[in-house]
Amino acid sequence: MDVQEKSAIDITATDKGAAVAATDTIAAVSSGSGGAVAVIRLSGPQAGAVLVALAGRLPEPRRAHLARLRHPISGDVLDQGLALWFPGPRSATGEDMAELQIHGGRAVVAAVLGAVLSVPGLRPAEAGEFTRRAFLNGRMDLTEAEGLADLIGAQTEAQRRLAFAHAFGHLGQRVEEWRRRLIRAMALIEAGIDFADEDDVPAGARALARPEVEALHAELTAALADRRGALVREGALIAIAGLPNAGKSSLINALAQRDIAIVSDEPGTTRDLLEVALDLDGHKATLVDTAGLREAESKVEAEGIRRARARMAQADLVLWVHDVSVGPAPEASPSIETERPLWLVANKIDRAGDALSPETGWAARGFKVSAASGEGLEALTRALGGFIAARAEGEHPALIRARHRASAREADAHLALALEHWERLDDELLAEELRLAARALGRMTGAIGVEDLLDVVFREFCIGK
């Protein structure tokens with residue numbers, strides 16, 4: 001066995017073990033409720049027996065078979081539907097699987113599912129158990145499972161695209177490429193250990209390994225600095241700020257198309273932060289209505305203003321709402337304490353009169369809207385969607401979850417330490433730093449030591465997935 005093969009075995013050793021030997025068979029409705037067709041999935045050693053019991057025979061693998069479904073005990077006809085058979089390991093979970101596609105009426109679904117669960121050895125599936133078995137049987141890695149969860153929960157088009165890429169291997173493939181490159185670098189370092197009696201091998205091997213480690217360190221650092229994944233998955237944070245009575249609450253209600261905030265002519269009505277998640281032209285965003293910025297007249301209002309400024313400092317974008325009915329929009333950015341991007345929203349244009357004369361400077365680049373009539377809101381919504389899209393454009397970001405970032409950060413720290421002490425560390429210690437970096441990456445895909453993470457990951461799933 002050569003050095004690279006030995007390193008590969010050490011790194012890819014998995015705590016999952018071989019394929020999971022399930023002793024029970026699970027079943028659940030895997031389709032949404034209320035549709036014309038419902039799908040009941042089964043996985044486990046009794047899946048084939050259930051098809052025989054209900055459909056009368058085992059269909060040809062991966063071919064739909066039209067059958068009358070009967071209760072296995074009473075023999076009553078329950079429905080007529082399609083039965084499909086997927087013998088393991090060539091199935092979604094790696095186990096024997098079956099699927100019943102039946103009419104979607106509530107009574108039909110309840111009757112067929114009850115008949116399935118009456119077969120000995122069957123039990124209802126837990127949340128995410130089908131996907132968990134697929135992971136444990138090597139049919140998908142952990143990043144693909146998380147991508148599937150994100151795909152199921154996607155609320156916007158941008159989230160769907162990102163989740164689809166991760167569900168079908170984008171991150172897993174990239175992480176495996178990083179690990180393979182680390183293994184090659186480790187093989188070169190360990191060559192110096194195994195062939196220490198050769199004068200030219202140790203120094204030459206270390207010199208060949210360093211450029212690869214430097215490149216990997218740079219790629220991980222860049223991936224950690226890329227916040228686009230969080231922007232798409234969690235949404236952009238947009239703070240709505242301005243002076244009292246500028247129409248901030250009316251604007252957030254108009255953009256949300258429902259009453260989120262109380263609207264009143266009394267200054268200081270908004271004391272606390274009000275948030276609403278929206279789909280802005282295919283992109284998720286969280287809009288925050290903040291307290292009007294002025295000299296506070298009470299401790300409660302002062303606290304609301306403090307929270308408003310803190311939220312503005314965290315925002316991806318601040319919309320400064322100006323009431324043009326009281327005068328022209330300002331010619332310069334408002335003197336507010338934030339370094340975030342600022343957009344002017346000239347509100348109440350339906351009551352502005354002569355105040356809507358041509359503006360110059362910063363005011364000319366703003367948006368003219370009426371939260372009351374809806375004028376200008378469509379253009380503002382498109383612009384907000386474009387702002388988020390521009391910040392999230394490019395190749396799909398690699399790291400979109402906090403768990404991914406934690407593993408990548410740990411790996412990057414080991415690489416940084418190895419490079420910092422490259423000339424001083426013995427070959428054994430240098431190889432160990434690279435090994436620890438590779439193990440951290442392995443935890444990202446689930447190849448190494450993730451048992452404590454499984455419950456956290458799969459509890460996000462719904463029943464039947």
Side-chain angles (χ1 to χ4, degrees), residues 1-20 89 92 94 131-151 162-190 209 211-224 226 228-229 394-416 418 431-451 453-454 457-458:
M1 180 183 299
D2 64 25
V3 174
Q4 187 162 344
E5 289 175 336
K6 177 179 181 294
S7 297
I9 290 174
D10 289 343
I11 289 300
T12 57
T14 172
D15 296 328
K16 292 188 299 183
V20 176
T131 309
R132 184 168 183 156
R133 291 190 178 197
F135 164 71
L136 293 173
N137 285 309
R139 300 298 291 176
M140 62 172 57
D141 68 37
L142 202 55
T143 61
E144 291 174 316
E146 290 170 319
L148 179 59
D150 288 340
L151 187 61
L162 181 61
F164 184 86
H166 282 265
F168 293 92
H170 173 77
L171 175 57
Q173 292 166 10
R174 190 165 181 183
V175 170
E176 285 307 305
E177 179 194 355
W178 286 336
R179 291 180 69 238
R180 283 194 298 269
R181 290 163 62 186
L182 265 178
I183 289 170
R184 287 198 298 268
M186 287 170 53
L188 291 170
I189 300 297
E190 291 181 356
E212 187 75 276
V213 176
E214 289 176 336
L216 284 168
H217 175 49
E219 289 180 30
L220 282 171
T221 301
L224 285 165
D226 186 354
R228 293 175 301 139
E395 183 186 3
H396 288 302
L399 310 175
I400 64 174
R401 287 183 171 228
R403 190 184 71 81
H404 303 159
R405 303 185 69 82
S407 294
R409 192 175 295 110
E410 180 183 344
D412 195 42
H414 286 296
L415 296 183
E432 181 62 16
E433 290 298 332
L434 302 188
R435 189 184 308 278
L436 291 173
R439 287 184 66 85
L441 293 177
R443 284 196 293 275
M444 201 183 303
T445 59
I448 294 172
V450 293
E451 285 70 19
L453 291 173
L454 296 188
V457 170
F458 290 104

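Side chains included, hydrogens not; waters and symmetry mates left out as well; all remaining heavy atoms used. Not measured: the values here are computed from a predicted model.
By the salt bridge (charged side-chain N to carboxylate O under 4.0 Å, His left out) test, Glu212 pairs with Arg181, Arg184, sequence neighbours left out. Residues satisfying the side-chain hydrogen bond (donor to acceptor under 3.5 Å, both in side chains) criterion with Glu214, sequence neighbours excluded, are Arg210.
From Leu441, atom CG reaches atom CG of Leu436 across 11.5 Å, with rounding to the nearest 0.5 Å. Note that CG of Leu415 is 9.0 Å distant from CD of Glu433, once rounded to the nearest 0.5 Å. Taking CG of Leu182 as the start and CD1 of Ile189 as the end, the distance is 11.0 Å to the nearest 0.5 Å.
Between Arg180 and Glu177 there is no salt bridge, since no side-chain nitrogen of the basic residue lies less than 4.0 Å from a carboxylate oxygen of the acidic one.
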So Leu224 and Arg405, side-chain contact (heavy atoms from CB on, under 4.5 Å) or not? Walk me through it.
CA-CA 7 Å; Leu224 285 165; Arg405 303 185 69 82; 4.3 Å; yes
Would you please test Arg439 and His414 for side-chain contact (heavy atoms from CB on, under 4.5 Å) and show each step?
CA-CA 11 Å; Arg439 287 184 66 85; His414 286 296; over 6 Å; no
When you look at Arg435 and Glu432, which way does the salt bridge (charged side-chain N to carboxylate O under 4.0 Å, His left out) test go after all the steps?
CA-CA 5 Å; Arg435 189 184 308 278; Glu432 181 62 16; 3.7 Å; yes
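Nearest heavy atoms, Ser407 versus Met444: CB-CE, 3.9 Å. Across all their heavy atoms, Ala185 and Ala209 have their closest contact at O-CB, 3.7 Å. Between Ala411 and Leu220, the closest heavy-atom pair is CB-CD1, 4.1 Å.
Between the side chain of Arg403 and the main chain of Arg443, a donor-acceptor pair closer than 3.5 Å is present. Proximity of a side-chain donor or acceptor of Asp412 to a complementary backbone N or O of Ala408 within less than 3.5 Å is not detected.
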